[in-house]
Amino acid sequence: MAEIVSKEKIAENIYSVQIFTPLIAKKCKPGQFVIIRLDERGERIPLTIADFDRDKGNIRMVFQVVGKTTLQLSRYDVGEDISDVTGPLGNPSEISNYGTVVMVGGGVGAAPVYPIARALKEAGNEVITILGARSKALLIMEEELTSVSDELLISTDDGTKGKKGFVTDVLKELLDSGRRVARVWAIGPAIMMRFVSELTRKYNVPTIVSLNSIMVDGTGMCGACRVEVGGETKFTCVDGPEFDGHKVNFKLLMERLATYKEEEKRALENYRKSIEEEGE
Amino acid sequence: MAGKLQLKKTPMKEQPPEERIKNFNEVPYGYTVEEAIAEANRCLQCSPPPCVKGCPVNVDIPGFIKLIKEKDFRGAINRIKLTNNLPAVCGRVCPQEDQCEKACTLGKIKGGEPVAIGRLERFAADWEAEHGVETPEIIEKKDGKVAIVGAGPAGLTAAADLAKMGHEVTVFEAFHKAGGVLVYGIPEFRLPKSIVEREVENIKKLGVKFEFNRVIGKILTIDELLNEEGFDAVYIATGAGTPRFMNIPGENLIGVYSASELLTRTNLMKAYKFPEYDTPIKVGNKVAVIGGGNVAMDAARTSLRLGAREVHVVYRRSRIEMPARAEEIHHAEEEGIIFDFLTNPTRIIGDENGRVKQMECIKMRLGEPDSSGRRRPIPIEGSEFKMDVDIVVVAIGQSSNKVLLQATPNLKLNKRGYIEADETGKTSIEGVYAGGDIVTGAATVILAMGAGKTAAKAIDEYITNKKKR
Ligand SMILES: Cc1cc2nc3c(=O)[nH]c(=O)nc-3n(C[C@H](O)[C@H](O)[C@H](O)COP(=O)(O)OP(=O)(O)OC[C@H]3O[C@@H](n4cnc5c(N)ncnc54)[C@H](O)[C@@H]3O)c2cc1C
Ligand SMILES: Cc1cc2nc3c(=O)[nH]c(=O)nc-3n(C[C@H](O)[C@H](O)[C@H](O)COP(=O)(O)OP(=O)(O)OC[C@H]3O[C@@H](n4cnc5c(N)ncnc54)[C@H](O)[C@@H]3O)c2cc1C
Ligand code: FES
């Protein structure tokens, strides 16, 4: 059981919660995630640890409402408990002094970028962060990322803030400018990570992506999270979640993410109906 | 009482196949008191009893059967529990035909069937569940503190035994529930989860503490358990949890499950009650399960109950080489599962959305016996054919889970990647013991329990000696 100690809506459909899990807060490292189960009937879903406070014993998660479980979590109040939180899971990011690193965060992916960027900054890197979203209202973590970045560049699809276009447009400009970039981290929707990887491949810049495959246990016991990296099958939960973006089969990742489309729609509709009935 | 010898087992009533494929309720109903006594009466009370030697935990079989005969059911269950902490489970899932019942004298006479020892064990355990459990008093308090990693049969048994010896025991379990394969692998219709819960409650009553959602190797290392958390000894019982795949093309298509995933979604997460429970599962029209063990039978029978129209078990050898329990094969056949023997998949074919459409297989023949003593399957060239399927379940075995092992580099492993331990469970690290599937590779519930028992004794001795030092 883990109590929600703070909760905030930080953008349309995006929430930030802090939960009290002292042991996880003490142990976790940037790049790792937890698996939560809200209640007895709940599904186990992975969420990245977006921040941690080792003294207070809290971890922070930032999530987007996309289906039943995330909608349900968004309706939890401070003081309520999440039935199960398992973690830290997955391998931590490889933090070292690379030189100049570019952190690309798309949509809710900006949240997991934050602790990694902070650690890279602390390790002595020059950190350039590219933050992207569909629109200004959906940009998140701007303040936090500014505090750990030497430069923060913003793109929105509709041009309401920063450069109009995609994060890849900003990244391309940067790479074309002749800046020596040692490494890129790209975290966000699969399609974004794919385009970033395709771009950086041309420039020969090593690129790390954090994959968000469907999971059950998160400990290597089921294989639900299988992805293909360099032609080999890997389990995202124990071999990742970070992989070499130039080797990931993104097409497969995206197909597999759609495995339960119909079921997810049904679960969400059912839940919405039950909320309405409750409200009456 | 010396009437005519009853050659056959007293039958156990079951849900009829046409009914049971539509639900997840337990298949056999268990003996009534009369049936149990009738069956107990068949026991010849051999001396020395050959059956006891066939039992990995040496249950006093003639002893408890005699007590059933005398209607002392409490006595019977207490007799079993002297050496077996999970009788309700063992009575249901042990491969008795290869163990106690194989050695039974009655089974050796012409036309005879062994005494239904498993069914009687189940009867005694279920009787106790109905009439209340007597928690044994812990006579002597000892000051040992033991961490158990993994709440499967090996870990639970070691925990219970160590607690009975008076030690303070904490079980760390990665999942949100205790039971290991008993809760996430073996289906409800074979082992109702309420029974596992009952057994776990009994163990809690002994004072054993459970810490769920704790993945050892991630949240705490073995080293930290010993040197920071103050445990005198650690018992590793993490099982053989990593599913193996065949490494054939198409294995990552949508609709290809490992048996572990299919069963975990269904059993632990209750996907068969979706959307009442949140975890979804794909229901196939035509399912192919690859493999021939208990896991394959469970996956096949589960698929049928989830609503598949047709379920095939695709196995590369023939029926006699199948490692599954006889009763499971029999039940699967009764339920209409189709067996494709001497058949091996070569690739899985998908549609334009990456979903399974067909599976290509090749026919096999049996050659000379291999290292396992079973005849080696050899592909028959040019015999490839395709079958239409929309779900493929891979049930070809498990290997050791690496999470803990990778975090414990000083723990010595054997060639197959399992923990190296002596017959008492002692590993290469002082104070660290291991047992169950993580040492032997995928085996059986009773062997895991046996390992847990032996290790409990060794750990008790280790701690006693350590405290003297
Ligand atoms: C390692 C990892 C870290 C993640 N971190 C974050 C995060 O920090 N913030 C965030 O908003 N999201 C994160 N996700 C994605 C998040 O887990 C899904 O959005 C969530 O599971 C959706 O659940 P739902 O019931 O609300 O939606 P559903 O309607 O069930 O699903 C919506 C979509 O989410 C994906 N999904 C569904 N079930 C799972 C599952 N069990 N595991 C993984 N993905 C699933 C599918 O692609 C699906 O189409 C992460 C995923 C992974 C694998
Ligand atoms: C589908 C299926 C059907 C079977 N049917 C039968 C049958 O009919 N009869 C029979 O005798 N045997 C059967 N078996 C085999 C039997 O279940 C196993 O041999 C037995 O469960 C092994 O027990 P164990 O305690 O070693 O491990 P497990 O039962 O695997 O338990 C290991 C536990 O450790 C936990 N764990 C793993 N890693 C960690 C970690 N790092 N930290 C904390 N916890 C961890 C796991 O979550 C799990 O709960 C079957 C197996 C399967 C998969
Ligand atoms: S989530 Fe089950 S193996 Fe990765």
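Chain letters run A, B, ... following the sequence lines, proteins first and then strands; every chain starts at 1.
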| task | Tell me, for B:I281 versus chain A, whether the close heavy atoms (under 4.5 Å) come from the side chain, the backbone, both or neither. | result | backbone
| request: Identify which part of A:L252 has an atom lying under 4.5 Å from any heavy atom of chain B, answering side chain, backbone, both or neither. | output: side chain
| request: Quick one: which of B:G239, B:G241, B:A240, B:G217 has the most heavy-atom pairs under 4.5 Å with chain A, could you say? | output: B:G241
| said: Under 4.5 Å from any heavy atom of chain B, what part of A:L253 do you find: side chain, backbone, both or neither? | reply: neither
| remark: Looking only at heavy atoms, the pair that brings A:G223 and B:P243 closest together is N-CG, 4.2 Å
| request: Select, from A:G218, A:G90, A:C237, the one with the greatest count of heavy-atom pairs under 4.5 Å involving chain B. | output: A:G90
| What part of B:V256 gets closer than 4.5 Å to chain A, counting heavy atoms only: side chain, backbone, both or neither? | both
| remark: Comparing B:L220, B:V403, B:I219, B:V215 against chain A, the one with the most heavy-atom pairs below 4.5 Å turns out to be B:I219
| Under a 4.5 Å heavy-atom cut-off, does chain A meet the side chain of B:L263, its backbone, both or neither? | neither
| query | Counting only heavy atoms not in A:M254, do more than 12 fall under 6.0 Å of its CE? | reply | yes
| query | Contact part of A:V34 toward chain B, heavy-atom cut-off under 4.5 Å: side chain, backbone, both or neither? | reply | neither
| request: Measure B:F212 against the heavy atoms of chain A and call it side chain, backbone, both or neither at under 4.5 Å. | output: neither
Taking 3.5 Å as the threshold, show me the donor-acceptor pairs across chain B and chain A, one per line with distances to 0.1 Å.
| unit_1 | atom_1 | unit_2 | atom_2 | d |
| --- | --- | --- | --- | --- |
| B:H176 | ND1 | A:R44 | NH1 | 3.0 |
| B:H176 | NE2 | A:R37 | NH1 | 3.4 |
| B:K177 | NZ | A:E40 | OE2 | 3.4 |
| B:N213 | OD1 | A:T86 | OG1 | 3.2 |
| B:N213 | ND2 | A:D84 | OD1 | 2.8 |
| B:K218 | NZ | A:G90 | O | 3.0 |
| B:E224 | OE1 | A:K27 | NZ | 2.7 |
| B:E224 | OE2 | A:K27 | NZ | 2.4 |
| B:E251 | O | A:R226 | NH2 | 2.7 |
| B:N252 | O | A:R256 | NH1 | 2.8 |
| B:N252 | OD1 | A:R226 | NE | 2.7 |
| B:N252 | ND2 | A:E228 | OE2 | 3.2 |
| B:N252 | ND2 | A:T233 | OG1 | 3.0 |
| B:V256 | O | A:R226 | NH2 | 3.1 |
| B:Y257 | OH | A:Y260 | OH | 2.7 |
| B:S258 | OG | A:C222 | O | 2.6 |
| B:R265 | NE | A:Y260 | OH | 3.3 |
| B:E276 | OE2 | A:R41 | NH2 | 3.4 |
| B:D278 | N | A:R41 | O | 2.9 |
| B:D278 | OD1 | A:K68 | NZ | 3.0 |
| B:D278 | OD2 | A:K68 | NZ | 2.9 |
| B:K282 | NZ | A:T259 | O | 3.1 |
| B:K282 | NZ | A:E262 | OE1 | 3.0 |
| B:K282 | NZ | A:E263 | OE1 | 3.2 |
| B:K282 | NZ | A:E263 | OE2 | 3.1 |
| B:R355 | NH2 | A:A258 | O | 3.1 |
| B:N401 | ND2 | A:T219 | O | 3.0 |

